[in-house]
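Below is one structure; the comments refer to it alone.
This one's a predicted model, so the numbers in the text were calculated from it and none came from an experiment.
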Amino acid sequence: MLPQAGGTIVFDSASPSSVSSSGRVSFNAGSGGLSAPTTTFGGQNVSLQSTGDITLAASDFANGSIAAGQTISATGALQVPSLTTDLDLAAGRIHANSVQAGRDVTVANEIALRGGSLSAGGSIAAASISYLGTNASVSAGGNINVGGTIDLTVNSTLSAGGNIAANSITAGSVRAGGSVTLDGSDSFSYGILASNLQADSLVFINSLRIAPTYNGSGNDAFTPNDLNIVTGSIHSSGAMIPFLSADGLSANPFGGVSTPGSGGAVSVNVTQSGLAIAPGGGISFISANGGIFNDVGPFGRGNGGSLNINTAGDMSVDAPI
């Protein structure tokens with residue numbers, strides 16, 4: 001429960017203004033809310049709290065939080081460790097450790113997470129979503145709609161109760177109650193990199209590839225993580241049909257003795273339809289080769305991977321596997 005302090009707090013300025021502090025400062029408003037539509041708040045440790053709405057121009061906090069019992073709205077960037085609202089959150093840009101909204105999150109430009117999670121009871125819409133930490137969690141009860149890339153980490157989770165749409169996606173696990181759509185109509189789409197992919201349907205529009213994530217360190221080349229796909233159907237269209245690649249990486253050509261990676265283990269389960277593996281099909285071709293050696297050995301290729309495909313309907317193959 002947020003403190004019932006301050007009633008209504010208003011920063012009344014017709015022109016852009018700023019409030020900044022080198023120490024710790026807190027503004028606590030009651031149900032009347034905090035209204036500062038032309039004010040940018042900055043400082044080392046700032047807290048804005050309200051049981052009502054919070055409206056501001058922008059924020060730039062090294063430490064602190066913004067929390068509202070109703071909505072948070074900003075025309076500019078919100079740079080703050082923690083953002084929490086019981087209802088909607090809208091901003092021009094968000095750079096934060098943790099973002100939680102009871103309903104929708106709507107951001108005109110990027111959402112950059114620096115170490116925590118992004119969750120919305122409703123939908124999430126942004127130009128792009130990126131993550132700078134180790135383990136990310138991005139979740140929405142409704143849809144996730146991103147015009148550009150969703151760039152998370154190999155240990156991250158991306159989930160939506162509805163549809164997920166983006167130009168390209170990198171995440172450890174991707175789950176959607178509806179469809180996952182990768183659309184490269186307006187700009188190049190590298191496709192999707194994930195180890196676990198679950199959706200009612202997968203839709204690729206001019207998108208390059210489907211591939212697992214790679215996780216490792218050291219001089220030896222990486223073997224990809226296992227790739228598990230469960231979907232009702234796979235639909236692809238446009239001039240570029242995605243290929244499925246789980247190749248092991250080749251040995252490091254500059255690091256002395258280096259072992260090449262092996263091909264990965266791929267499992268594809270199409271539960272409501274068939275699948276065509278062909279230049280004009282759902283997947284253009286499939287590859288899970290071992291990587292090649294370097295000049296100083298060991299002079300052997302990585303092992304080939306494994307492939308397991310199950311479909312509810314017919315499967316046709318008119319391309320290399």
Side-chain angles (χ1 to χ4, degrees), residues 135-139 150 152-161 163-164 166 168-182 189-204 207-216 221-236 240-250 260-291 301-321:
N135 298 312
S137 173
V138 176
S139 63
I150 300 176
L152 306 180
T153 67
V154 298
N155 298 314
S156 64
T157 299
L158 174 68
S159 62
N163 303 323
I164 298 175
S168 305
I169 294 175
T170 297
S173 177
V174 179
R175 299 192 300 269
S179 63
V180 173
T181 300
L182 286 304
S189 167
Y190 65 72
I192 186 165
L193 307 180
S195 295
N196 292 286
L197 180 54
Q198 299 179 33
D200 185 62
S201 63
L202 298 178
V203 180
F204 298 91
S207 191
L208 179 64
R209 64 172 174 163
I210 308 163
T213 56
Y214 291 76
N215 193 7
F222 298 155
T223 295
N225 294 318
D226 293 349
L227 173 58
N228 298 298
I229 299 174
V230 179
T231 183
S233 60
I234 299 176
H235 303 281
S236 299
M240 185 163 55
I241 302 299
F243 61 90
L244 193 160
S245 173
D247 293 338
L249 300 187
S250 297
S262 296
V266 177
S267 175
V268 180
N269 289 284
V270 183
T271 61
Q272 298 174 18
S273 67
L275 176 64
I277 302 169
I283 297 173
S284 59
F285 66 88
I286 296 175
S287 176
N289 291 316
R301 190 168 189 133
N303 295 322
S306 63
L307 175 63
N308 182 14
I309 300 178
N310 294 288
T311 63
D314 295 337
M315 182 174 68
S316 61
V317 179
D318 191 20
I321 294 181

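- Between N303 and S262 the shortest heavy-atom distance is N-OG, 3.1 Å.
- Using a 4.5 Å heavy-atom threshold, the side chains of T181 and N163 count as separate.
- Within a 6.0 Å sphere centred on CG of N308, heavy atoms belonging to other residues, nucleotides or ligands number more than 12.
- The two atoms that bring P212 and S245 nearest to each other are CD-O, 3.0 Å, heavy atoms only.
- Expressed to the nearest 0.5 Å, how far CG of L202 lies from CD1 of I234 amounts to 5.5 Å.
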Tell me, with the steps shown, if I169 and V180 meet side chain to side chain contact (heavy atoms under 4.5 Å, CB included). CA-CA 10 Å; I169 294 175; V180 173; 4.3 Å; yes
Enumerate, atom names and distances included, each donor-acceptor pair closer than 3.5 Å involving a side-chain atom of residues 269-290, sequence neighbours excluded.
residue, atom, partner, partner atom, Å
N269, OD1, N310, ND2, 3.1
N269, ND2, S267, OG, 3.4
T271, OG1, T231, O, 3.4
Q272, NE2, D200, OD1, 3.4
S273, OG, G232, O, 3.4
S284, OG, I241, O, 3.3
S284, OG, P242, O, 3.2
S287, OG, D247, OD1, 2.7
S287, OG, D247, OD2, 3.3
S287, OG, N289, ND2, 3.2

Would S233 and S201 count as a side chain to side chain donor-acceptor pair (under 3.5 Å) if you check the C-alpha gap in whole Å, the side-chain angles of each, and the deciding distance to 0.1 Å? CA-CA 5 Å; S233 60; S201 63; 4.7 Å; no
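- Rounded to the nearest 0.5 Å, atoms CG (L193) and CZ (R209) are 5.0 Å apart.
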Go through the steps to decide whether L244 and L307 satisfy the test side chain to side chain contact (heavy atoms under 4.5 Å, CB included), and finish with yes or no. CA-CA 11 Å; L244 193 160; L307 175 63; 5.7 Å; no
Trace of the side chain to side chain contact (heavy atoms under 4.5 Å, CB included) decision for Q198 with N228: CA-CA 8 Å; Q198 299 179 33; N228 298 298; over 6 Å; no
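- For A194 against V174, the heavy-atom pair with the smallest separation is CB-CG2, 4.0 Å.
- L182 and S168 get closest at one heavy-atom pair: CD1-CA, 3.7 Å.
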Determine, step by step, whether V138 and I150 satisfy the side chain to side chain contact (heavy atoms under 4.5 Å, CB included) criterion, reporting the C-alpha distance in whole Å, the side-chain angles of both residues, the deciding distance to 0.1 Å, and the verdict. CA-CA 10 Å; V138 176; I150 300 176; 5.9 Å; no
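- A pairwise comparison of heavy atoms in V268 and V266 identifies CG2-CG1, 3.9 Å as the closest pair.
- With S250 contributing its side chain and G291 its backbone, the two residues share no donor-acceptor pair below 3.5 Å.
- When all heavy atoms are compared, the tightest approach of I192 to F204 is CG2-CE2, 4.0 Å.
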